[in-house]
Trainee: 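Next up is a structure, given as structure tokens.
So you know, we letter chains A, B, ... as the sequences are listed, proteins then strands, and number each from 1. Remember, it's a predicted structure, so these values are computed and weren't measured experimentally.
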Amino acid sequence: MNSFIFRRQRFSCLSNALLMVIYVLSITTKRCFMPTSNTVCSSVRTRFAPSPTGFMHVGNLRTALYEYLLAKSMGGSFILRIEDTDRERLVEGATDIIYQTLKCAGLIHDEGPDIGGPFGPYVQSERMHLYRPFAEQLVREGKAYYCFCTKERLEGLRQSSGTPESAGYDRHCRELSSEDVADKLAMNVPHVIRQKAPLEGFTTFFDHVYGEITVPNKELEDQILIKADGFPTYNFANIVDDHLMGITHVVRGSEYLSSTPKYNLLYQAFGWDIPEYVHLPLIQGKNSDGTVSKLSKRHGATGFEDLVDNGYLPEAIINYIALLGWCPKDETREIFSIEELIQAFSIEGISKSPATFDYDKLDWFNAEYIRGMDAQSFYNHATPYYKQLGVSDELSAILLEVLQPRITKFIDIPGKISYVKNLPEYELELFEHKKSKSTIETSKAMLEKLSSLLSDISDWNKDTLLSRLSAMAESEGVKNALVMWPLRIAITGTLVTPGGAVEALLLLGRDESLKRIVLALSRLSDIK
RNA sequence: GGCCCGUUGGUCAAGAGGUUAAGACAUCGCCCUUUCACGGCGAAAACAGGAGUUCGAUUCUCCUACGGGUCACCA
């Protein structure tokens, strides 16, 4: 497959001598056939071309990821280009969110607005002067035309068609006489430039994921290339820039599948080489009624920032979405660092069918990443919550032991150990536990003994506490659980706690533990 | 509605004509155990339906059903 991709690459835009040398070199040595990141082959170029409209949807992020992985797995370059041709949807600061997200996710671009590169500028609004001449060239060659139809006329067309949802442009201006056009232009009548799509025949293109796709040309609309405000549409700017920037592999969501033939017509009109296409399956969300639809806000957090705010680690998010629509060959491993993803990635692993975003699985990935952390990074992530709860740094070792296997997100921490700060109000029924055979009576008896036992222990550490408590159980002729249960309930006031009684004793310290035991005893004495 | 794409357990998915149809998440059970986790072991759970090609289809072809995408002076 790699060789196949390679064979289809062209270098018309990379006429740079150095690149040609590398190209020839790589052909003769066949090094490009090895998809390793350090292969000397700078031919593959992918781009992430987001529109700065606010936040980074996980679908967009996954597209960026695959673009990055595809490029890096073949020793190529990953380019960031900002597509800000929609002046109405522009959101201030959105570009910064894009930079931050890519950085945070570990997708480092080789060229982009912030770092420059040989094919800049990388912001479409700064490339404005480029597009119109290309469009006018097409007009001169009879492959595009000026259209003076107003938005109102188009809207009327839509309404009167009976099927407002599916009404296309009626090609009203397609055959305007050149005098007419010249007059209108001279009078500064607002206009757009439209592509002249063929009326019959078929257009076929090849996609690396979906295979060969053929569409009847009569389905293709005379799409707008240059808008009335002078800005190019995405449809146009995208092919001009991809060509000018030497993009070899166009990776995007499958929602672009149906407009791809129109892009190919444009490439052909200019005589440019058509890039390789890699269309990605959609990411869907599960609705409350059990159906699925394109992932959106009502399914929960879908922006990268939102997920991070909800406690998901960037590495876990990346790892999870990498596997949403792609799967490595010949192995069942699921935990991948970004470097490992680069090693394992290949286009053949991309699936065609849409995937449903599953927060349960994301939780598992997040928990796996937490369990895999060393003490220091765990501490770094956990320390804001420790501070919030007012627990001392000295306890971080025991907290690590107790928390690491039990949290799926760091934001779970306060909920798990809030008892350390404040003893919750609890019902005395908590002392009753069938499996441990604990009852109100046994609890009272055990706590009385524990109260004096614990005040005698000066070595307040895990080994001592555990052995003294076990010894007590033994001398009482009961199971450990009968001692541990009331102790844990008394000092935590919580049915389920991370770690056992001993860990709770360590977290609370001797004085606080004894205080809570005394309190429990007095409450138990009040019962009858 | 036209066009395009898709359909393997609840979810992600492997499988590429002959398999006891992998693995993971979730679910359930057992073990471990100081509650809960972690860990270990195990269970349940799938080729949308119908034709055709073939000695043999989950796998190839067609039809149907269902799902999705698209049909903007959005990207």
Trainee: Which part of the nucleic acid does A:Thr494 contact within heavy-atom distance under 4.0 Å: base, sugar-phosphate only, or nothing?
Mentor: nothing

Trainee: Is a donor from one side chain sitting under 3.5 angstrom from an acceptor on the other, for A:Asn461 and A:Thr464?
Mentor: yes

Trainee: When you compare the side chains of A:Asp84 and A:Ser125, does any donor N or O come within less than 3.5 Å of an acceptor on the partner?
Mentor: yes

Trainee: Does B:rU70 have OP1 or OP2 under 4.0 Å away from a side-chain N or O of A:Lys262?
Mentor: no

Trainee: Does the side chain of A:Leu154 reach to within under 4.5 Å of the side chain of A:Thr150, using non-hydrogen atoms?
Mentor: no

Trainee: When the C1' atoms of B:rA26 and B:rU33 are considered, how many whole Å apart are they?
Mentor: 24 Å

Trainee: Using the side-chain heavy atoms of A:Glu368, tell me which of these nucleotides is nearest: B:rG39, B:rG68, B:rC73.
Mentor: B:rG39

Trainee: State which of B:rC12, B:rG23, B:rG68 makes the closest approach to the side chain of A:Leu282.
Mentor: B:rG68

Trainee: Judged by each residue's nearest nucleotide on RNA chain B, which is more toward the 5′ side, A:Leu154 or A:Glu331?
Mentor: A:Glu331

Trainee: Check this for me: does the side-chain of A:Arg488 come within 3.5 Å of the base of B:rU34 through a donor and an acceptor?
Mentor: no

Trainee: Take A:Ala481 and A:Arg333, find for each the nucleotide of RNA chain B with the closest heavy atom, and name the residue whose nucleotide sits nearer the 5' end.
Mentor: A:Arg333

Trainee: Mind checking if A:Thr492 touches a base, just sugar-phosphate, or nothing, with heavy atoms under 4.0 Å?
Mentor: nothing

Trainee: Which nucleotide in the set B:rC74, B:rA13, B:rA26 lies at the smallest distance from any side-chain heavy atom of A:Ser351?
Mentor: B:rA13

Trainee: Should B:rG29 form a Watson-Crick or G-U wobble pair with both distances under 3.5 Å, which nucleotide is its partner?
Mentor: B:rC41

Trainee: Mind checking A:Leu469 for me? I need base, sugar-phosphate or nothing, with any heavy atom below 4.0 Å counting as a touch.
Mentor: nothing

Trainee: Which value, in whole Å, describes the distance between the P atoms of nucleotides B:rC38 and B:rU27?
Mentor: 10 Å

Trainee: If you only use heavy atoms from C-beta on, which nucleotide in B:rU70, B:rG6, B:rA75 is closest to the side chain of A:Tyr210?
Mentor: B:rG6

Trainee: Using the P atom in both, what is the distance from B:rA65 to B:rA22, to the nearest Å?
Mentor: 33 Å

Trainee: Starting the side chain at C-beta, find the nucleotide from B:rA22, B:rC71, B:rG2 nearest to A:Glu221.
Mentor: B:rC71

Trainee: What does A:Val502 touch in the nucleic acid at a heavy-atom separation under 4.0 angstrom: a base, only the sugar-phosphate, or nothing?
Mentor: base

Trainee: I need the NE2-P distance between A:His433 and B:rU33, as an integer number of Å.
Mentor: 15 Å

Trainee: Just compare B:rG68, B:rU70, B:rA37 and give me whichever is closest to any side-chain atom of A:Arg406.
Mentor: B:rA37

Trainee: Classify the nucleic acid contact of A:Gly253 as base, sugar-phosphate or nothing, counting any heavy atom under 4.0 Å across all strands shown.
Mentor: nothing

Trainee: Side-chain donor or acceptor of A:Lys361 under 3.5 Å from a matching atom on the base of B:rA24?
Mentor: yes

Trainee: Tell me if the centroids of the rings in A:Phe336 and A:Phe365 come within less than 6.0 Å of each other.
Mentor: no

Trainee: A:Lys352 NZ to B:rG15 P: how many Å, rounded?
Mentor: 11 Å

Trainee: Out of B:rA75, B:rC4, B:rC25, which nucleotide sits closest to the side chain of A:Val215?
Mentor: B:rC4

Trainee: Rounding to an integer number of Å, can you tell me how far A:Phe231 CZ sits from B:rA75 P?
Mentor: 10 Å

Trainee: Kindly determine whether A:Tyr145 and A:Asp222 satisfy side-chain hydrogen bond (donor to acceptor under 3.5 Å, both in side chains), including the steps that lead there.
Mentor: CA-CA 9 Å; A:Tyr145 60 94; A:Asp222 285 355; 2.7 Å; yes

Trainee: Taking the same atom, P, in B:rC5 and in B:rA43, what whole-Å distance lies between them?
Mentor: 41 Å

Trainee: The side chain of A:Asp358 is closest to which nucleotide in this list: B:rA75, B:rU7, B:rU11?
Mentor: B:rU11

Trainee: Where the side chain of A:Ser51 is concerned, which of B:rA75, B:rC4, B:rA13 is the nearest nucleotide?
Mentor: B:rA75

Trainee: From B:rG15, B:rG2, B:rC4, pick the nucleotide closest to the side chain of A:Ile213?
Mentor: B:rC4

Trainee: A:Thr356 near the nucleic acid: base, sugar-phosphate alone, or nothing, with a heavy-atom cut-off under 4.0 Å?
Mentor: sugar-phosphate

Trainee: Please verify the inter-ring angle class for A:His433 with A:Trp485; under 30° counts as parallel, over 60° as perpendicular, anything in between as tilted.
Mentor: parallel

Trainee: Would you classify A:Ala501 as touching base, sugar-phosphate or nothing, given that sugar-phosphate means primed atoms plus P, OP1 and OP2, and contacts are heavy atoms under 4.0 Å?
Mentor: base

Trainee: Looking at every strand, decide which applies to A:Tyr256 at a 4.0 Å heavy-atom threshold: base, sugar-phosphate, or nothing.
Mentor: base

Trainee: Quick one: look up who B:rC66 pairs with, Watson-Crick or G-U, both distances under 3.5 Å, and put none if it's unpaired.
Mentor: B:rG6

Trainee: Say whether A:Gln124 and A:Asp241, considering side chains only, have a donor N or O and an acceptor N or O under 3.5 Å apart.
Mentor: yes

